[in-house]
Student: 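One structure is given below, represented as C-alpha cells, and several questions about it will come after.
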Amino acid sequence: MAEDSELWDVICDGPFIPTKTSGDPAVTVPKKIKEFNDVDRKAIEKNFRAKKILVCGIGVDEYNKISACQSAKEIWEALQITHEGTTQVKQSKIDMLTTEYELFRMKDDESIQDMHTRFTSIINELHSLGEIIPRNKLVRKILSVLPNSWESKVNAIHRGKGFAEANN
C-alpha cells in the first residue's frame, strides 16, 4: 500500500475505534459519533479508504463474498481465505507444488519455451505462497531437465562464466 502505510495497519490490525474513559471505577468505552473529534474522524476514515481500495480491486463474484464485511481487516481475511485457503490448505498447495518442482521434467514433445513457461508457472505459484527457491537452484534444475541434445551447451554453462553468475 504505497498510498499510505497506515492503511496497511488498518487492514492488518482492524479499524480504529475512538474510546473515552467513563464512570467510577474508570472504564474505557467507545465514543458515540457525536463525541468524535477531528483526530477520531481522520483515524476512522482510514478504514473507509482501505475498504475502498480493496473493493475497487475485486470483481463482482468476489464482492458478493465480502459485501457483508464491516472492516478492511474482515475483507482482507475473507479474500485471503478465498484465494489462499486456510493455513492447512496453503501448506498442502506448497507441498503439492514442491513435489511438482522436484519431479519436473521436460516432456519429449515439448519445446524449450513451453517447458520454461510450465516451470515458471510452478515457481510463480510457490513464490505467491511464500516459498522462494534460490535462483542458483532454479538454474541447476532447468539445466538438469534439458534433453541430451543440449548436453554440450549444459556442460559449457557448468564450466563457464554463465553458471558462476547464476550462482550469485
Side-chain angles (χ1 to χ4, degrees), residues 1-17 46-168:
M1 298 258 136
E3 184 176 329
D4 189 338
S5 64
E6 291 177 9
L7 294 180
W8 186 244
D9 293 340
V10 168
I11 290 170
C12 293
D13 302 333
F16 171 76
I17 299 171
K46 296 218 182 277
N47 184 58
F48 294 113
R49 288 178 53 211
K51 282 174 60 175
K52 180 180 175 184
I53 290 169
L54 291 171
V55 170
C56 286
I58 61 174
V60 175
D61 291 336
E62 288 177 317
Y63 180 79
N64 290 332
K65 295 174 188 171
I66 58 95
S67 62
C69 295
Q70 297 297 308
S71 70
K73 180 178 180 165
E74 288 178 41
I75 293 171
W76 183 249
E77 288 171 350
L79 291 171
Q80 278 183 304
I81 290 172
T82 298
H83 291 278
E84 292 180 2
T86 61
T87 305
Q88 236 179 342
V89 171
K90 183 178 175 182
Q91 189 56 53
S92 293
K93 287 179 184 178
I94 290 169
D95 292 344
M96 180 192 72
L97 289 164
T98 300
T99 300
E100 200 173 331
Y101 166 79
E102 290 168 353
L103 299 176
F104 186 84
R105 298 287 176 261
M106 184 171 177
K107 297 175 182 175
D108 291 336
D109 60 342
E110 192 171 37
S111 71
I112 296 292
Q113 183 62 44
D114 290 343
M115 180 266 302
H116 186 265
T117 300
R118 200 166 48 88
F119 185 76
T120 302
S121 177
I122 295 168
I123 300 312
N124 288 345
E125 283 186 63
L126 280 167
H127 192 281
S128 73
L129 294 168
E131 288 293 309
I132 313 298
I133 300 172
R135 188 167 184 79
N136 62 336
K137 279 188 160 186
L138 297 175
V139 171
R140 283 187 202 149
K141 183 65 173 178
I142 287 287
L143 292 175
S144 73
V145 301
L146 289 172
N148 289 337
S149 62
W150 283 71
E151 185 175 354
S152 62
K153 293 173 186 159
V154 169
N155 289 337
I157 291 170
H158 278 294
R159 285 188 310 266
K161 187 176 176 184
F163 192 73
E165 288 174 353
N167 281 319
N168 291 331

Student: Looking at CG of Asp13 and CH2 of Trp8, how far apart are the two atoms once the value is rounded to the nearest 0.5 Å?
Tutor: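 Output value for this atom pair is 10.5 Å.
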Student: Give, for atom CE of Met106 and atom OG of Ser111, the distance between the pair rounded to the nearest 0.5 Å.
Tutor: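 Those atoms lie 6.5 Å apart.
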Student: Is the closest side-chain heavy-atom distance between Glu131 and Leu97 below 4.5 Å?
Tutor: no
Student: Take Val10 and Phe16, measure what side-chain contact (heavy atoms from CB on, under 4.5 Å) needs, and give me the verdict at the end.
Tutor: CA-CA 7 Å; Val10 168; Phe16 171 76; over 6 Å; no
Student: Show the nearest heavy-atom pair for residues Leu7 and Lys46, with the distance to one decimal.
Tutor: CD2-O, 3.3 Å
Student: Ignoring hydrogens and angles, tell me if any N or O in the side chain of Ser121 forms a donor-acceptor pair with the backbone of Thr117 under 3.5 Å.
Tutor: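 Side chain of Ser121 to backbone of Thr117: no pair is present.
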Student: If you measure from CD1 on Ile123 to NZ on Lys137, what distance do you get to the nearest 0.5 Å?
Tutor: 11.0 Å
Student: Please report the interatomic distance CD(Glu100) to NZ(Lys93), rounded to the nearest 0.5 Å.
Tutor: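 It is 13.5 Å, given to the nearest 0.5 Å.
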Student: To the nearest 0.5 Å, what is the distance between OG on Ser128 and NZ on Lys90?
Tutor: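 Answer for the OG-NZ pair, Ser128 versus Lys90, is 8.5 Å.
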Student: Please work out whether the ring planes of Tyr101 and Phe119 are parallel, tilted or perpendicular, with thresholds of 30° and 60°.
Tutor: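 Correct class here is tilted.
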Student: Taking Lys141 for its side chain and Glu102 for its backbone only, find out whether a donor-acceptor pair lies under 3.5 Å.
Tutor: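 Indeed, once roles are kept as given, a pair shorter than 3.5 Å links the two residues.
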Student: Measure from the side-chain N and O atoms of Asn47 to the backbone N and O of Ala72, and report whether any donor-acceptor pair falls under 3.5 Å.
Tutor: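 Yes.
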Student: Would you compute the distance between atom CG of Leu79 and atom CD1 of Ile11 and round it to the nearest 0.5 angstrom?
Tutor: 10.0 Å
Student: Could you check whether any side-chain heavy atom of Ile133 comes within less than 4.5 Å of a side-chain heavy atom of Thr98, counting everything from C-beta outward?
Tutor: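 Answer no - side chains too far apart.
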Student: Applying side-chain contact (heavy atoms from CB on, under 4.5 Å), run through Met115 and Ile142 and close with a yes or a no.
Tutor: CA-CA 9 Å; Met115 180 266 302; Ile142 287 287; 3.9 Å; yes
